[in-house]
Amino acid sequence: MFLSVFDVFKIGVGPSSSHTMGPMTAANRFLDLILSDQWPRPAGAHVAALKASLHGSLAYTGIGHGTGNAVIIGLMGEAPDSIDPDRMDGIIAEVERTGRVTPSGHPAYHFQPKDDLVYDKKTPLSGHANGMRLSALDKDGRVLLTQIYYSIGGGFVVTDTELLAMQKQKKQASAQKVPYPFASAKEMLAMAAASGLSIAQMKRANEEVVRSREDLDAGLDKLWDAMSSCIDRGLRQEGQLPGGLKVRRRAKSIHDKLQEEWRSNRLNPVLANDWLSVYAMAVNEENAAGGRVVTSPTNGAAGVVPATVRYYLHFHPDADQEGIRDYLLTAAAIGGIIKHNASISGAEVGCQGEVGSASAMAAAGLAAVMGGTPEQIENAAEIALEHHLGMTCDPVAGLVQVPCIERNALGAVKAVTAASLALKGDGVHFVPLDACIETMRQTGNDMSEKYKETSLGGLAVNVVEC
């Protein structure tokens, strides 16, 4: 099984990889399909208008997550990894004013969001909780083309046909031939023992089948640059987050206090936890504001990995760029195993699949750069994931703010604690990571839909609005 590090970590915009990046990418793909010869275009027919409907979790929490806006921006031909977040409001306002989308290389299409973008809460699509249907019509309103897309987590989008093929492929060997095709933690450890290589070295060897070492390192450095820039921007911003909950940004004020303590040499027994928390909160406040983040493995969990990398740079005397690359490669290996055998989607398995997976990835990465053996690294990931099992996804008002921002801070603290515990052992432990991942999958299947990103249960319905 081969899942690239750049499939686990994707640069895009907030607030949600499933609700923002995925639908934007789906809209891009639909535009490409319209211009292709992959559908039976009736003679003389021309696409004049577009329609979109959101289903399942995308419908229930799409307004809070900005899903409709993401569809609009995607239908304008903008991509999540290149759109300037500061331009998004202007693009949406222009489409609402004109009732048209004007993607480059296409004629103008009629698309009035208030009529042509539907949040359909009554009609779930069978393939996945995050479903959307895009349609192209002629000038008389006849449907020429319809395509169903599923946003399956981490910014990934598949058609209904691709989803079926992907589910079948999970039972088969990966089509991509790599030297270390581990599909489970057990296989990963066996290959590490047989080869004498670290997890990062095996992951690097797999990546270098499809790209040069120079391109791989440049890509890893670009990921960390985006993560680090997101932390820095989050530490500078103040004010309320959008969405109506009136949640204040806190990262800057906490950071200012930590800086003051640092300069004064005042004793702070929880200093490391404070720094971890403020780094994670800075990222997820940026995500909630629609800023540029890196899926790690999702936008809702985007703060855990960057926080622990910055922690590593801040507190580890031997930290360097090569260490960051090894961290990301190791974390991606763990994230790929989780995604292959369970899910990273809150709409499928709850927040255990988002922040839980992120914490496992971060714990593994940190254990690796602190000298851990493959067995200790696997143990670190298992400890972190185990103590997120059963965590629901219940964002208040469908916004990635409460409890998501603080939850990332706690996920980072758990990751560091898990890495520390694992490094103090010999790698022998009671619960294998694979068993923990399977438990997460089963728990997610059993979890009520109202606790899986629909905002129909949990904190989302029990917080009194003031």
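Heavy atoms only: backbone and side chains are in, while hydrogens, waters and symmetry mates are out. Counting begins at 1 with the first residue of the sequence.
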Checklist entry - Does the Ser448 side chain pair with the main chain of Tyr451, one donor and one acceptor, at a distance under 3.5 Å? => result no

Checklist outcome for this item: Heavy atoms of Gly14 and Asn299 approach each other most closely as CA-ND2, 3.5 Å

Item to check | His106 and Ser104: side chain donor to acceptor below 3.5 Å | outcome: no

Checklist entry - Does the Thr295 side chain pair with the main chain of Val8, one donor and one acceptor, at a distance under 3.5 Å? => result yes

Item to check | Stepwise side chain to side chain contact (heavy atoms under 4.5 Å, CB included) test for Met227 and Val305 | outcome: CA-CA 9 Å; Met227 291 178 182; Val305 166; 4.1 Å; yes

Checklist entry - Cation-pi between Lys10 and Phe156: NZ/CZ under 6.0 Å from ring centre and within 45° of the ring axis? => result yes

Next on the checklist: Main chain of Gly141, side chain of Asp138: is a donor-acceptor contact present, judged purely on distance under 3.5 Å?
Outcome noted: yes

Checklist entry - Is there a donor-acceptor pair closer than 3.5 Å between any side-chain N or O of His388 and the backbone N or O of Cys351? => result no

Checklist entry - Would you find more than 12 non-hydrogen atoms of other residues, nucleotides or ligands less than 6.0 Å from Glu406 atom CD? => result no

Item to check | Minimum side-chain heavy-atom gap Ser345-Glu354 below 4.5 Å | outcome: no

Item to check | Any side-chain heavy-atom pair of Met132 and Val71 under 4.5 Å | outcome: yes

Checklist entry - Quick check: are there more than 12 heavy atoms from other residues, nucleotides or ligands sitting under 6.0 Å from CZ of Arg41? => result yes

Next on the checklist: Any side-chain to backbone donor/acceptor pair from Lys139 onto Ala48? Under 3.5 Å, distance only.
Outcome noted: no

Item to check | Atom pair CG/CD of Asp160 and Gln147 - distance to nearest 0.5 Å | outcome: 5.5 Å

Next on the checklist: Set out, in order, the CA-CA distance, both residues' side-chain angles and the distance that settles side chain to side chain contact (heavy atoms under 4.5 Å, CB included) for Ile152 and Val158, then state yes or no.
Outcome noted: CA-CA 7 Å; Ile152 61 174; Val158 293; 3.9 Å; yes

Next on the checklist: Between Arg249 and Glu286 (salt bridge meaning N to carboxylate O under 4.0 Å), is one present in this structure?
Outcome noted: yes

Checklist entry - Is there a donor-acceptor pair closer than 3.5 Å between any side-chain N or O of Asn130 and the backbone N or O of Ser151? => result yes

Checklist entry - Given side chains that start at C-beta, do those of Arg204 and Arg325 come closer than 4.5 Å, heavy atoms only? => result yes

Next on the checklist: Could you go through Thr454 and Ser57, starting from their C-alpha distance and side-chain angles, then the distance that decides it, and tell me whether this counts as side-chain hydrogen bond (donor to acceptor under 3.5 Å, both in side chains)?
Outcome noted: CA-CA 5 Å; Thr454 59; Ser57 178; over 6 Å; no

Checklist entry - Between Glu162 and Arg29, does a salt bridge (charged side-chain N to carboxylate O under 4.0 Å, His left out) hold up when you go through it step by step? => result CA-CA 13 Å; Glu162 290 168 346; Arg29 290 190 60 181; 2.7 Å; yes

Item to check | Salt-bridge criterion met for Arg292 and Asp86 (N-O under 4.0 Å) | outcome: no

Checklist entry - For Gly127, does its backbone N or O pair with a side-chain atom of Tyr150 as donor and acceptor, under 3.5 Å? => result yes

Next on the checklist: If you define the side chain from C-beta out and look only at heavy atoms, does anything of Val143 sit under 4.5 Å from Lys51?
Outcome noted: no

Next on the checklist: As a quick check of understanding, evaluate side-chain hydrogen bond (donor to acceptor under 3.5 Å, both in side chains) for Tyr149 and Thr25, giving each step before the final call.
Outcome noted: CA-CA 10 Å; Tyr149 294 95; Thr25 300; over 6 Å; no

Checklist outcome for this item: d(Tyr180 OH, Lys203 NZ) to nearest 0.5 Å is 14.0 Å

Checklist entry - Which heavy-atom pair separates Ser17 from Gly154 by the least distance, and what is that distance? => result OG-N, 3.5 Å

Item to check | Cationic N near anionic O, under 4.0 Å, Arg87 to Glu94 | outcome: no

Checklist entry - Of all heavy-atom pairs between Ala381 and Ala364, which one has the smallest distance, and what is that distance? => result CB-CB, 4.2 Å

Checklist entry - Hey, what do you get for CG (Asn408) to CG (Asn284), rounding to the nearest 0.5 Å? => result 3.5 Å

Next on the checklist: Pair Leu385, Ile437 - check side chain to side chain contact (heavy atoms under 4.5 Å, CB included), show working.
Outcome noted: CA-CA 8 Å; Leu385 182 59; Ile437 292 171; 3.8 Å; yes

Checklist entry - Taking side chain as C-beta onward, heavy atoms only, is Tyr109 less than 4.5 Å from Leu31? => result yes

Checklist entry - Under 3.5 Å, is there a donor-acceptor pair between the side chain of Asp394 and the main chain of Leu456? => result no

Next on the checklist: Distance check, rounded to the nearest 0.5 Å: Asn206 atom CG versus Met191 atom CE?
Outcome noted: 8.5 Å

Item to check | Test item: side-chain donor near acceptor, Thr61 and His19, under 3.5 Å | outcome: yes

Next on the checklist: Apply side chain to side chain contact (heavy atoms under 4.5 Å, CB included) to residues Glu208 and Leu216 and explain how you reach the verdict.
Outcome noted: CA-CA 7 Å; Glu208 289 178 2; Leu216 174 59; 4.1 Å; yes

Checklist entry - Judged by modelled atom types alone, do Thr308 and Tyr327 share a side-chain donor-acceptor pair under 3.5 Å? => result yes

Item to check | Closest heavy-atom pair and its distance - Gly22, Val157 | outcome: O-CG2, 2.9 Å

Next on the checklist: Quick one, Thr146 and Arg133 - any side-chain contact, counting heavy atoms below 4.5 Å?
Outcome noted: yes

Next on the checklist: Is it true that Asp217 and Gln321 share a donor-acceptor pair across their side chains at a distance under 3.5 Å?
Outcome noted: no

Item to check | Residue pair Asp120 / Thr123, side-chain donor-acceptor N/O under 3.5 Å | outcome: yes

Checklist entry - Would you find a donor on one side and an acceptor on the other, under 3.5 Å apart, between the side chain of Glu382 and the backbone of Leu433? => result no

Checklist entry - Would you say the side chain of His55 lies within less than 4.5 Å of the side chain of Pro124, judging by non-hydrogen atoms? => result no

Next on the checklist: Between Asp116 (side chain only) and Gln112 (backbone N and O only), is there a donor and an acceptor less than 3.5 Å apart?
Outcome noted: yes

Item to check | Pair Thr443, Gln352: side-chain N/O donor-acceptor within cut-off below 3.5 Å | outcome: no

Next on the checklist: Determine whether Ser228 and Arg310 satisfy the following criterion, side-chain hydrogen bond (donor to acceptor under 3.5 Å, both in side chains), listing intermediate values before the conclusion.
Outcome noted: CA-CA 8 Å; Ser228 184; Arg310 184 65 74 86; 2.9 Å; yes

Checklist entry - Could you go step by step and tell me if Lys186 and Asp434 meet the salt bridge (charged side-chain N to carboxylate O under 4.0 Å, His left out) rule? => result CA-CA 7 Å; Lys186 182 178 180 180; Asp434 290 328; over 6 Å; no

